[in-house]
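Take a look at the structure set out below.
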Number of protein chains: 4
Amino acid sequence: MEFVEKQPIYMQIADYFCENILEGKWKTHDRLPSVREIAVAMEVNPNTAMRAFTYLQDKGIIYNKRGIGYFVDEDGHSKALKLKRDDFIEKDVPAFFKTMKLLKFSCKELEELNKE
Amino acid sequence: MEFVEKQPIYMQIADYFCENILEGKWKTHDRLPSVREIAVAMEVNPNTAMRAFTYLQDKGIIYNKRGIGYFVDEDGHSKALKLKRDDFIEKDVPAFFKTMKLLKFSCKELEELNKE
Amino acid sequence: MEFVEKQPIYMQIADYFCENILEGKWKTHDRLPSVREIAVAMEVNPNTAMRAFTYLQDKGIIYNKRGIGYFVDEDGHSKALKLKRDDFIEKDVPAFFKTMKLLKFSCKELEELNKE
Amino acid sequence: MEFVEKQPIYMQIADYFCENILEGKWKTHDRLPSVREIAVAMEVNPNTAMRAFTYLQDKGIIYNKRGIGYFVDEDGHSKALKLKRDDFIEKDVPAFFKTMKLLKFSCKELEELNKE
DNA sequence: GTGGTCTAGACCACC
DNA sequence: GTGGTCTAGACCACA
């Protein structure tokens, strides 16, 4: 049996910023909080916060101005959307359908929950 | 920010048995593997396996015959179903819809993935 | 005036492995030294060695087997070649031509040095 | 493994003046900017700028008139050229050929890049 | 033994 | 102030 691992903290931070960019909290060329601010606010080591930013930069979602900070990339929103959608389709959706099937959860029931 | 911790192992084991009962692998009054067997098979401390059984017994899904083992309860299947459905409806479904909304994921797209 | 920065150590380590893969010292699916071995051999912190590997893994040059080590990827050689060539063409070659021009260094002279 | 350290700043400044003399920006007996001017312009400690001049004076590329300033030597251009060429031939060219060989970079490819 | 994550804290260059 | 790199050392899961 394989046990489920927790998501690394730096990934959860990256996810957090991804989601906030998708929600429009930070728009193109907006400056994100500094590494140190995040470290304090999230009670995390600066290195861990940094790692989240490095990850997002690698993905082309944010960019860096030396000595100033990190900013949402021109294509940040769309890149974040693609990243999250791919993940959603690959992992979340199949798992969701599997559980639905296991619980004999009908699409009708699902639709009613959606309306609420 | 609060970080997501990993699910305790005993809960993952309890989930595993729940799912297998729902799938019909173990039916009413079937005897489940012994704590020791599970501990060996899953490479887990016997106490951890025991804790999973205690949890399932509390939920009325399995019962215990002293010195013999654990068995699926008369209502085990339905109780497991209810437990899982409640959890599904309370947590998984809202989270799923929230993500769908965030990603502008249409029901149509979802249906197509379901067909595949 | 902008001063030239030194290449980060982890990048120099990554370069080192790149070059050795190109030279054929490590071939496809060969296991590279462990993070700890490198740290000791190069008198570097394990984190720094790790960072070099993470970088090479991101580039698709090496891959990882959990608990075993890092290995040269199927396409590792070609990926490393492309990475290095792009860098060479973008940076080294223009700088080289610029210096040649500055020093009035003819192609003929260059060719003679090449023969030696 | 030995890691490459960055070039000392005073050497980078010396290089800068060498290049400008070679480009003809400063000709024989031209007065170079004062140590203080350089220090301000390059945001560098005056001692560092001074060290660059001392180095160039040692090489016979510039000379000093006490209380007036530094000037390009009679043979400054040719000495600078020799210095740079020697360095180019001893270090840059072999390194360049080595990389070319490693990357299987043909002379033909190089020529085409030169034309552009 | 392996890699992966994380903390604590340092030093650096750039703005 | 900002990020970038690096060290030292810890704990974890996996093999």
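Worth knowing before you read on, the calculation uses all heavy atoms, side chains too, and leaves out hydrogens, waters and symmetry mates. Sequence lines set the chain letters: A, B, ... in the order given, protein chains first and strands last, and positions in each chain run from 1.
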For the rings on Tyr10(A) and Phe3(B), is their centre-to-centre separation under 6.0 Å?
-> no
What's the CD-P distance between Glu5(C) and dA13(E), to the nearest Å?
-> 7 Å
For Phe53(A) and dT2(F), give me the distance from atom CZ to atom P, rounded to whole Å.
-> 11 Å
Go through the structure and list residues passing side chain to side chain contact (heavy atoms under 4.5 Å, CB included) with Glu43(C), not counting sequence neighbours.
-> none
Qualifying side-chain hydrogen bond (donor to acceptor under 3.5 Å, both in side chains) pairs with a residue from residues 87-102 of chain D, counting only residues at least two apart or across chains | Asp87(D)-Lys91(D)
When rounded to whole Å, the CD1 to C1' distance for the pair Ile9(A) and dG4(E) reads 13 Å
Any Thr48(A) side-chain nitrogen or oxygen under 4.0 Å from OP1 or OP2 of dT5(E) = no
Compare side-chain N and O positions of Tyr55(A) against OP1 and OP2 of dT5(E) and report whether any pair is under 4.0 Å apart.
-> no
So Asp73(A) and Ile61(A), side-chain contact (heavy atoms from CB on, under 4.5 Å) or not? Walk me through it.
-> CA-CA 5 Å; Asp73(A) 194 280; Ile61(A) 294 168; 5.8 Å; no
Taking the six-membered ring for Trp and the full ring for Phe, Tyr or His, determine whether the centres of Phe96(D) and Phe97(C) are under 6.0 Å apart.
-> no
Can you figure out which of dT5(E), dG3(F), dT7(E) approaches the side chain of Asn64(A) most closely?
-> dG3(F)
Quick one: which residue pairs count as a side-chain hydrogen bond (donor to acceptor under 3.5 Å, both in side chains) with a foot in residues 75-86 of chain A, not counting sequence neighbours?
-> Asp15(A)-Lys84(A), Lys82(A)-Asp86(A), Arg85(A)-Glu109(B)
Just to confirm, is there a sub-4.0 Å distance from OP1 or OP2 of dA13(E) to any side-chain nitrogen or oxygen of Lys6(D)?
-> yes
For DNA chain F, consecutive-pair runs of 3 or more (Watson-Crick or G-U wobble, both H-bond-type distances under 3.5 Å) give E:1-14 with F:1-14
State whether the distance check finds a donor on one side and an acceptor on the other, under 3.5 Å, for side chain Asn47(C) versus base dG3(E).
-> no
Using a cut-off of less than 4.0 Å, is there contact between a side-chain N or O of Tyr10(C) and OP1 or OP2 of dT7(F)?
-> no
Rounded to whole angstroms, how far apart are CE on Met50(A) and C1' on dC12(E)?
-> 13 Å
Nearest listed nucleotide, side chain of Arg66(A), among dC14(E), dT5(F), dG4(E) | dC14(E)
Are any side-chain N or O atoms of Gln7(B) and backbone N or O atoms of Val4(A), one a donor and one an acceptor, separated by less than 3.5 Å?
-> no
Could you give the CD-to-C1' distance, from Gln7(D) to dA13(E), as a whole number of Å?
-> 18 Å
Measure centre to centre between the rings of Phe17(D) and Trp26(D), then say whether the value is under 6.0 Å.
-> yes
Give, ordered by number, those residues of residues 31-46 of chain C having at least one heavy-atom distance below 4.0 Å to an atom of DNA chain E; if nothing qualifies, reply none.
-> Arg31(C), Ser34(C), Val35(C), Arg36(C)
Got a sec, which pairs hit side-chain hydrogen bond (donor to acceptor under 3.5 Å, both in side chains) with one end in residues 52-71 of chain A, sequence neighbours left out?
-> His29(A)-Tyr63(A)
Between Met11(C) (CE) and dT5(F) (P), how many Å, whole number?
-> 8 Å
Whole-Å distance between dC14(F) C1' and Tyr70(C) OH?
-> 14 Å
Atom CZ of Arg51(C) and atom P of dC6(E) are separated, to the nearest Å, by 15 Å
Give a yes or no on whether the backbone of Ile9(C) and the side-chain of Arg51(C) come within a donor-acceptor separation of less than 3.5 Å.
-> no
